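Source: prediction; values computed, not measured.
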Amino acid sequence: MDLQRGQKMKLSDLTPGLELEVGVGIGAAAGMTIDVSCFGLDASGRLSDDRYFIFYNQTVSPCRSMQIKGAAGAEQQVFALNLGGLPATVRRLVFTATIDGAPTFSAAGASHLRISAGGAEVARFRFSGADFRDERAVMIA
């Protein structure tokens, strides 16, 4: 399923599976260094526990239900998620990307966020630099 900008839906509408893989690939222009992160937010939309901020320097959550697998192919970062193992305080996952360096996201080429369950892709959100202006940090999904 192709997801559209601004679209909201429950993961359970895509798959009954609780073990997911999320990959983020950004068409990086020359000089772009991109960091992709995942935040586990509480019911009020806040990061109530820093241990559920998963990024290059903290690659796994305490419950091991959110972890970085690393880069793969055209994806700068791939995350393994076990939704059933997350604490009840984590109600929402947010995926972000930041640029370290001079370019902004408007210089990005074809990009995507992919959601897979059981080894099969269940959703993809496509975007590009045309969707941005001077942003150096974006919330992807």
Any side-chain heavy-atom pair of [X] and [Y] under 4.5 Å:
X	Y	result
Phe55	Thr96	no
Arg114	Val78	yes
Asn82	Glu19	yes
Tyr52	Leu93	no
Met66	Leu86	yes
Phe125	Ile140	yes
Arg92	Phe39	no

Exercise. Distance from Thr33 atom OG1 to Gln76 atom CD, nearest 0.5 Å?
Worked result: 10.0 Å
Exercise. To the nearest 0.5 Å, how far apart are CZ in Phe79 and OG in Ser37?
Worked result: 6.0 Å
Under 3.5 Å, side-chain donor or acceptor atoms of residues 8-15 against the rest of the protein: list the pairs with distances, not counting sequence neighbours.
| residue | atom | partner | partner atom | Å |
| --- | --- | --- | --- | --- |
| Thr15 | OG1 | Gly17 | N | 3.0 |

Seminar exercise, completed: Nearest heavy-atom contact between Asp42 and Ser48 is OD2-CB, 3.3 Å
Seminar exercise, completed: Tightest non-hydrogen contact, residues Ala137 and Thr98, listed as CB-CG2, 3.6 Å
Exercise. More than 12 heavy atoms of other residues, nucleotides or ligands under 6.0 Å from CZ of Arg91: is that the case?
Worked result: no
Problem set entry | Residues forming a salt bridge (Lys or Arg N to Asp or Glu O under 4.0 Å) with Asp2, sequence neighbours excluded | Arg126
